[in-house]
Amino acid sequence: MLLTIPKYEFQHRQATFIEKLNKKKCESAVLFAVTDIFYLTGFHFHPTERPIGLFVDSQQRFHLFLPELEREHAEEYSVVDSVHSYKEYPGTTHPMESLKELLVEYQFENKTVGYDSIGYGSSMGYRGPSIDQLIDVKDFVSLKGIIEEMRFVKSNNEIELIKESCRWGNLAHRLLQKYTRAGLSEIEITSKASMEATMAMIETLGQEYKPHGSTAFAIFRGQIGPESAFPHAVTQNIVLSKGDTLVTGAAASVFGYTSELERVMFVEEYSKEQEKYFNHMYEAQEVAFSAIKPGIPYSAVEEKVQEYFNENGLTELTRHHTGHNIGLLGHEAPFFDLGDHTEIKPGMVVTVEPGIYVKGLGGFRHSDTVLVTENGIEMLTYYPRDLASLIC
């Protein structure tokens, strides 16, 4: 059972990145994006005020730059040529002064240097100079989006990790539905379901399992009753009542890869109005499933869904596009949006989640994780979607 990305795949990703650097006529590069560093090196870390970066020298060697407290961690798990550390932030010598010394040592000056961000950024109190203030170069070239585009099409190994995520999200959601009943609070229900699913997950997968994210969970995220009409409500410890519309979410991270499973459920009973909007949501999702195929733009799928909403007088009840790619992040580009004309390709993994939101009644949104194949799609999430199966 695959529970990790093997070393050879990280090496292949690095080689692909070097090819893209060459096309940009960059002789070296500096990267600060957390997800992209993990994607290229396998080093998973929690960003704080302490700068962490990846730089690639003109000899195509990959170097991690990080605080001393992360050095042994990086040496143990990263796929790089060198690990360089500084003592602490802010320290008596600012970390960016240490980075400057390294960039000079590895001959970044007077070269064409690619970058994803002109400096390290953090909301945890970091302050420091940008790299253009550190060294004199021939030219700086933006690499923004380059690695994100590398992540569009998933490898077979990545797909297997996402499938594993789907399995445990399915269990967590099954437990969520099992424990959902009127008179209980959302925190009580979600905590019990998530803990039970997580325990089953770690007992089954064993010591080789590394989440690099959230373990198995199932939640309502505050989308209960009328509050479910807010597409991104927040947990409020609501006590469930008979007839409530519920919008759920469930997933699990497996070596950093995640999935998305969401369902509309009803507590004990539903009204004719709830049934009407549920059925429209269901049909809109079917429209999207049928539209997805390689060779067409993402926008074409959204056009079909919007046509359905318009024909049924529902456009004013919609709040967002139909879905997005997913993988190392819960939301990744491209998007099923009228403004995104990226071509759909086999190997892309997407969410399909058209939603309808009715004030005072609730939200209606299923989300499924789907693999684009040569001929159409393969459903990776498999929780029941029909109304009869979603009554708690």
Side-chain angles (χ1 to χ4, degrees), residues 1-10 12-13 35 38-39 42 44 148 150-177 193-194 196-219 248-263 285 288-289 292-294 301 322-334 336 344-353 366-385 389:
M1 180 186 298
L2 176 76
L3 293 175
T4 186
I5 294 294
K7 181 178 180 179
Y8 70 80
E9 186 160 326
F10 288 114
H12 175 72
R13 293 172 180 179
T35 302
F38 175 65
Y39 181 78
H44 185 272
E148 182 180 57
M150 289 173 59
R151 298 188 350 241
F152 282 3
V153 175
K154 303 301 190 283
S155 69
N156 289 335
N157 289 327
E158 290 177 296
I159 291 166
E160 287 304 312
L161 292 174
I162 293 170
K163 287 181 176 179
E164 192 68 28
S165 169
C166 290
R167 294 183 189 105
W168 296 103
N170 194 82
L171 173 63
H173 199 288
R174 177 60 63 193
L175 292 168
L176 181 79
Q177 184 169 355
S194 299
E196 191 170 323
T198 293
M199 292 306 296
M201 185 181 191
I202 62 176
E203 289 173 11
T204 301
L205 298 183
Q207 292 298 309
E208 296 304 309
Y209 167 61
K210 294 180 177 64
H212 290 332
S214 300
T215 51
F217 69 87
I219 57 176
T248 66
S253 292
V254 183
F255 202 74
Y257 288 84
T258 191
S259 57
E260 189 169 280
L261 166 64
E262 296 176 349
R263 289 293 181 264
Q285 198 184 30
F289 291 148
I292 298 170
K293 53 180 65 67
V301 176
T322 292
H324 49 80
N325 274 31
I326 193 167
L328 286 175
L329 296 175
H331 284 224
E332 296 185 343
F336 290 124
I344 299 173
K345 296 180 180 180
M348 290 178 163
V349 179
V350 300
T351 69
V352 181
E353 48 177 320
H366 284 354
S367 181
D368 283 280
T369 302
V370 169
L371 170 66
V372 180
T373 66
E374 294 289 343
N375 301 313
I377 62 172
E378 175 187 345
M379 296 285 290
L380 301 187
T381 42
Y382 48 91
Y383 204 85
R385 297 172 53 240
S389 299

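This one's a predicted model, so the numbers in the text were calculated from it and none came from an experiment.
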Can you tell me if His331 has over 12 outside heavy atoms packed within less than 6.0 Å of its NE2?
yes

[X] side chain to [Y] backbone, donor-acceptor under 3.5 Å:
X      : Y      : result
His173 : Leu261 : no
Thr351 : His324 : yes
Ser253 : Thr258 : no
Lys154 : Ile326 : yes

Taking every non-hydrogen atom, the tightest pair across [X] and [Y]:
X      : Y      : result
Pro294 : Pro346 : CB-CD, 3.6 Å
Gly330 : Glu260 : O-OE1, 4.3 Å
Gln285 : Asp368 : NE2-OD2, 2.9 Å
Val254 : Tyr209 : CA-CE1, 4.1 Å
Leu171 : Ala200 : CD2-CB, 3.8 Å
Cys166 : Thr381 : SG-CG2, 3.9 Å

Between Arg263 and Gln177, a side-chain donor and acceptor under 3.5 Å
no

If only side-chain N and O atoms count, and only distance matters, is there a donor-acceptor pair under 3.5 Å linking Ser259 with Thr369?
no

Compare all side-chain heavy atoms of [X] with those of [Y] and state whether any distance is below 4.5 angstrom.
X      : Y      : value
Leu2   : Phe255 : no
Phe152 : Lys345 : no
Lys163 : Glu378 : yes
Val301 : Ile344 : yes

Roughly how far apart are [X] [atom1] and [Y] [atom2], rounded to 0.5 Å?
X      : Y      : atom1 : atom2 : value
Met379 : Leu371 : CE    : CG    : 11.5 Å
Thr35  : Glu148 : OG1   : CD    : 9.5 Å
Thr4   : Phe10  : OG1   : CZ    : 6.0 Å
Ile5   : Glu158 : CD1   : CD    : 5.0 Å
Trp168 : Thr215 : CH2   : OG1   : 11.5 Å
Glu353 : Glu262 : CD    : CD    : 5.5 Å

Going by side-chain contact (heavy atoms from CB on, under 4.5 Å), name the residues that satisfy it together with Ala193, two or more places apart in sequence or in a different chain.
Leu175, Leu176, Tyr179

With side-chain contact (heavy atoms from CB on, under 4.5 Å) as the test, would you mind laying out the steps for Tyr8 and Asn157 before giving the verdict?
CA-CA 11 Å; Tyr8 70 80; Asn157 289 327; 3.3 Å; yes

Using the six-membered ring wherever Trp is involved, compare the ring planes of His212 and His44 and label them parallel, tilted or perpendicular (cut-offs 30° and 60°).
parallel

So that I can tick it off, tell me whether Arg167 and Glu164 are bridged by a salt bridge, with the cut-off set at under 4.0 angstrom between side-chain N and carboxylate O.
yes

